[in-house]
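Start at 1 and go down the list; that is how both ligands and their atoms are numbered. This structure is a prediction, so every number in the text was calculated from the model and none was measured. What's counted below: heavy atoms across the whole structure, side chains too, no hydrogens, waters or symmetry copies.
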Amino acid sequence: MGYDVQDFAGKPVIAVINTWSDLSPCHSHFRTRADEVKRGVLQAGGFPVELPAMPITETYMKPSPMMYRNLLAMEVEELLRSQPIDGAVLMGGCDKTTPGLLMGSISMNLPAIYLPAGPMLRGNWNGEVLGSGSDVWKYWDEKRAGNISDCEWSEMEAGIARSAGHCMTMGTASTMTAIAETLGLTLPGASSIPAVDANHSRMAAQCGRRIVEMVWEDLKPKDVLTEASFENAITVDMAIGGSTNAIIHLIAMAGRAGIKLELKKFDEISLRTPMIANIRPSGEYLMEDFYYAGGLRALLKEIGQLIDLNCSTVSGACLGADIDSARVFNSRVIRSLADPVSSSGGTAILYGNLAPNGAVIKPTAAEPRLLTHKGRAVVFSDYNDLAARIDDEGLDVDEDSVLVLQNAGPIGAPGMPEWGMLPIPKQLLKKGVRDMVRISDARMSGTAYGACVLHVSPESYVGGPLAFVRDGDLIELDVPNRRLHLDVSDAELALRREKWTAPPARYDRGFGALFAAHVTQADKGCDFDFLHAGDETPEPEIH
Ligand code: FES
């Protein structure tokens, strides 16, 4: 390879873990960024080595990218363990890459710094500002209702994603990178910089310089991660109106650090945290506006009284010091605690006989009239059943019905795809209906919206109560009282359970079989049971 001994002898060897691929639009700038990281590593006296890791691309992976988050985490952990590495820069941003990279590096616990891909620029079409995902869902309904043409749809496609970077709404990607920064795993301010801004390149080189120092300081992820830093992350998740997916990822990440997060904790923090980031889908603006308004550092400063500012970060200082000089430059985008977008956080946890271990809803993204609702169930046994019947003009459904999708959970789908924003039946779209109560054991894109009850646990495929709902059953949703209730007697439910037979296994071999055997339910973070924190894996012997 042309290296001389003095290139690396006595120097920290830094892995630049790069999730670039030709199928990862969100990471399409990572080849250049990897070079910029290496520039920083060399400047600081380290020796950079670039290691590719599994790209998990939200848009293309089947059956669901979520199925591969744990595989990326395993790959990262074993890459760092098996190779002669002293520290790592982790390059990710598309939804599952942030938790996957972080989970692996937390388990390995070598010095590591996260380099977030940064959001793409605002979308632009016909003079309108478009947001990733959110406007796709919105205009897809208009297309199904016959209000926009194929040609207009193609123009929109060309205008909505016009630069490198991850989705620029407050979807899962923006939520998870903000969480990574709040946890102290990125350089201060890193998560808000748009992917193609020159400051993003500067930040990449800084990551390279800082990781070399971190190796000498022996500053590792578990030195930074504490119960307080995870509570900070949940608070930020609520204050930004973050994606519901963050709940699953945060539980899994905390588990790797030996910290147990209960679903109830999310509700507690949600109730006391106003949502102040006015970003779509719960607000009006986009991530580019958020950056110009001061970015995450300014938001953290604004909610300073709600978080623990003494938590350490990879900067080597504490969170309070990292945000000390931050300011809000546009109070329409980053609102104040006194003038929030919503007085409580973006997520509510529901319990009841339909979700004994919990379910999740994003009330800020739903039509308020639906947050207290009672309606009769229209049940779809799986996604194929949904696709076959949802637009059938003969479907017995009205705007008060509750759409239920079964077998869309972690094992049942498999991989718990983002099917939770069930489509509104075409016959109702034509009447102007744009939101309905929908319930499933699936997830929902962080860019999506609607009165969608998600992550119902346990899932229907393993015999959770969702499996026993039938057409016409009455279902009550009461978000203010955090209740999700199936109006069917216990005796009748027990009878239905007795008659229920478990569906056949989806996989006999390979990763799918491993996944089904070991993935935990949504309320436990969907990590593999054997990857939860335990005794440290010993350093391999060198022979
Ligand atoms: Fe990568 Fe949305 S597709 S973040």
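- Side-chain contact check for Arg256 and Ser107: at least one donor-acceptor pair (N or O, by modelled atom type) lies under 3.5 Å.
- Salt-bridge formation is detected for the pair Arg434/Glu142: a Lys NZ or Arg NE/NH1/NH2 atom is positioned less than 4.0 Å from an Asp or Glu carboxylate oxygen.
- The side-chain hydrogen bond (donor to acceptor under 3.5 Å, both in side chains) analysis of residues 186-195, with sequence neighbours excluded, yields the pairs Glu181-Ser191.
- Ionic pairing of Arg335 and Glu302 is not present here: no N-O contact between side-chain nitrogen and carboxylate oxygen is shorter than 4.0 angstrom.
- Tally of protein N, O or S atoms closer to atom 1 (Fe) of ligand 1 than 2.8 Å: 2.
- Thr175 and Ser243 share no side-chain donor-acceptor pair at under 3.5 Å.
- The minimum heavy-atom distance linking Leu286 with Ile279 is given by the pair O-CD1, 3.8 Å.
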